[in-house]
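Worksheet: the structure to be examined is printed underneath.
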Amino acid sequence: MKTRFSILLLGLCISLTAQAIDPTPNTKPEVKEPLGAIKGWTAQDSLKISLPVTKFVLDNGLTVILLEDHAVPMVSYHTWYRVGSRDEYPGVTGAAHMLEHMMFKGAKKYDGKAFDRIFHENGITNNAFTTNDYTGFYENLPSSKLELVMDMEVDRMSSLSISPEDLKSEKEVVKEERRWRVDNNPMGLLRELMMGTMFKVLPYKWPVIGYMKDIDNYDSEKLRFFYNTFYVPNNAVLVLVGDFKTSKVKSLIEKYYGKLPSRVLPERKLLTEPPQKVQQNAILRKDVQNSSFVVAFRSPEQGSQDMYALDLAANILGYGTSSRLHKRLVYQKQIATSAYAYNYAMKEAGVMGVGVNMKPGLGTQEALDIVYNEIWKLRNQKVSDKELEKAKTQVMKDLVDSLKTMDGKARALAVNEIVTGTYESLFTDLEKYQAVTADDIKKVADKYTQQTQRSIITLEPKAKKE
């Protein structure tokens, strides 16, 4: 995901054109610091990201990416698995997310209490996340604790407990999380309905957290099968960024991880979502104070050439208070409390969404007409040079800002390696955004945002009883 959630990105050494810093023609000011002033980056004559990365693959299939960064005596330690909700099926939706929780409940050498205690005692922060396409676990630790964390990660990669007692209690935690994120969250409800409306074949149609009935029916046997299938070294990417010597860490990884056996991975069938040929509509009525809607379109997968132009198109439509939709709906018409747009690219497909939250008591038709009009203008009129340059500046600044920390660099390397197949895809991102033209914006808008391709998802207040 390039996000904006996208989710999602990317680098250590960057070089920028003078035009990216000062758009004045025929001038080339002296550049003392690159955009973002990230230590170790250099300015040259092209938009380019480059990293002094070491990548290797163990005999058991574990992909390892190392990046030395001695700015502070810390290490960002990421273990990502190529498994997400797209690897599930009806009846076990949310299994990847459930296993994310269970990975903190202990294994053979370190039980759940020891896991939390050791992290706390050694100044280690940690967390995890699950998406449609991957699951990530990460720790930020003093560099002196690297071998300790390595031992703990190998333990839970090889011998997770998944006891019925722990699962019983953790199911309640996940059920409450679903209530908080979806069932009692208007935006969560809207998103879940949107994905289920847009996708009929791809497993993106069900929520990452899973349906409540499936969460309630998890048992240790189901999760053990899922764990044994996907939580294996040849389905994982290990990324370390920070204060270490590459040669020494490589030896440690071979020592700790090299003994783990690989397993045959199930064949991932390439599913194809049939083209949408008619507008889809879905309405949900809940106890909310105001109406909200999303006009959504299927967009291409992460790394597609069209993705870069759609990212910028979404930025122009609904990124921030100076965007087209915010100006018209919130400032001028004053009928909405917020308006936004995004392009969320996943491994197999993407979603371009345009959303509006109405003021209480107002219907959605006027706002819908304005959204349709702004999308029509994207298809039929070139965006201005000023708008396009502003969008590029915002997108590239967000990208560069995300790389100011060791954790951000590790995430960038991991997500590109998993979603696009190689971390090196991040090297050309800035160049690809900068290369987008007004004609490109018009072309992708025409390709992906026709009326027959749209899905309109609406959340409305329940009718009041007399």
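These numbers come from a predicted model, not from an experiment.
- A distance-only check finds no donor-acceptor pair linking the side chain of Asp311 to the backbone of Tyr308 [under 3.5 Å].
- For the pair Arg178 and Glu192, the salt-bridge criterion is met [side-chain N within less than 4.0 Å of a carboxylate O].
- No side-chain donor-acceptor contact under 3.5 Å links Ser161 to the backbone of Gly106.
- With Asn380 contributing its side chain and Trp376 its backbone, the two residues share a donor-acceptor pair below 3.5 Å.
- Checked by atom type and distance alone, the side chain of Thr197 never pairs as donor or acceptor with a backbone atom of Ala282 at under 3.5 Å.
- Ring geometry for Phe104 against Phe137 counts as tilted: the plane angle lies between 30° and 60°, on a 0 to 90° scale.
- Environment of CG in Asp385: sparse, with no more than 12 heavy atoms of neighbouring residues, nucleotides or ligands closer than 6.0 Å.
- The closest donor-acceptor contact from the side chain of Thr428 to the backbone of Glu431 lies at 3.5 Å or more, if one exists at all.
- Taking the six-membered ring for Trp and the full ring otherwise, Tyr81 and Phe230 have centroids separated by 6.0 Å or more.
- A salt bridge is defined here as a Lys NZ or Arg NE, NH1 or NH2 lying under 4.0 Å from an Asp or Glu carboxylate O, and Asp87 with Arg268 meets this definition.
- Looking at Ser402, its side chain does come within 3.5 Å of a backbone N or O of Leu399 through a donor-acceptor pair.
- Ring orientation note: the planes of Phe115 and Phe119 are nearly perpendicular, at an angle over 60° on the 30°/60° scale.
- Salt-bridge annotation for Glu348 and Arg86: present, with a side-chain N of the basic residue lying under 4.0 Å from a carboxylate O of the acidic one.
- The existence of a salt bridge linking Lys386 and Glu389 is excluded, since no basic side-chain nitrogen approaches an acidic carboxylate oxygen closer than 4.0 Å.
- Relative to the six-membered ring of Tyr448, Arg454 misses at least one condition, a distance below 6.0 Å or an angle of at most 45° to the axis.
- Salt-bridge check for Glu387 with Lys390: failed, with every basic side-chain N at 4.0 Å or more from each acidic carboxylate O.
- Side-chain polar atoms of Asn132 and Tyr344 form a donor-acceptor pair below 3.5 angstrom.
- Residues Ile162 and Tyr227 form a side-chain contact, since some pair of their non-hydrogen atoms from C-beta on lies under 4.5 Å apart.
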Checklist entry - Could you go step by step and tell me if Tyr89 and Trp206 meet the ring-ring contact (aromatic ring centres under 6.0 Å, His included) rule? => result CA-CA 9 Å; Tyr89 48 88; Trp206 52 70; 8.2 Å; no

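- Lys113 has no carboxylate O lying under 4.0 Å from a charged side-chain N of Asp116, or vice versa, which leaves the two without a salt bridge.
- The aromatic rings of Tyr204 and Phe199 stand perpendicular to each other, their planes meeting at an angle above 60°, with 30° marking the opposite boundary.
- The pair Glu170-Lys105 counts as a salt bridge, with a side-chain nitrogen and a carboxylate oxygen less than 4.0 angstrom apart.
- Ion pairing of Glu172 with Lys175 is present here, as a side-chain N (NZ or NE/NH1/NH2) and a carboxylate O approach within less than 4.0 Å.
- Considering Arg328, Lys327, Arg379 in turn, Arg328 is the only one that fulfils the salt bridge (Lys or Arg N to Asp or Glu O under 4.0 Å) rule with Glu374.
- Ion pairing between a basic and an acidic side chain is recognised when a charged N comes within 4.0 Å of a carboxylate O; Asp183 and Arg179 show no such pairing.
- Electrostatic pairing of Lys443 and Asp439 does not count as a salt bridge here, judged by no charged N lying under 4.0 Å from a carboxylate O.
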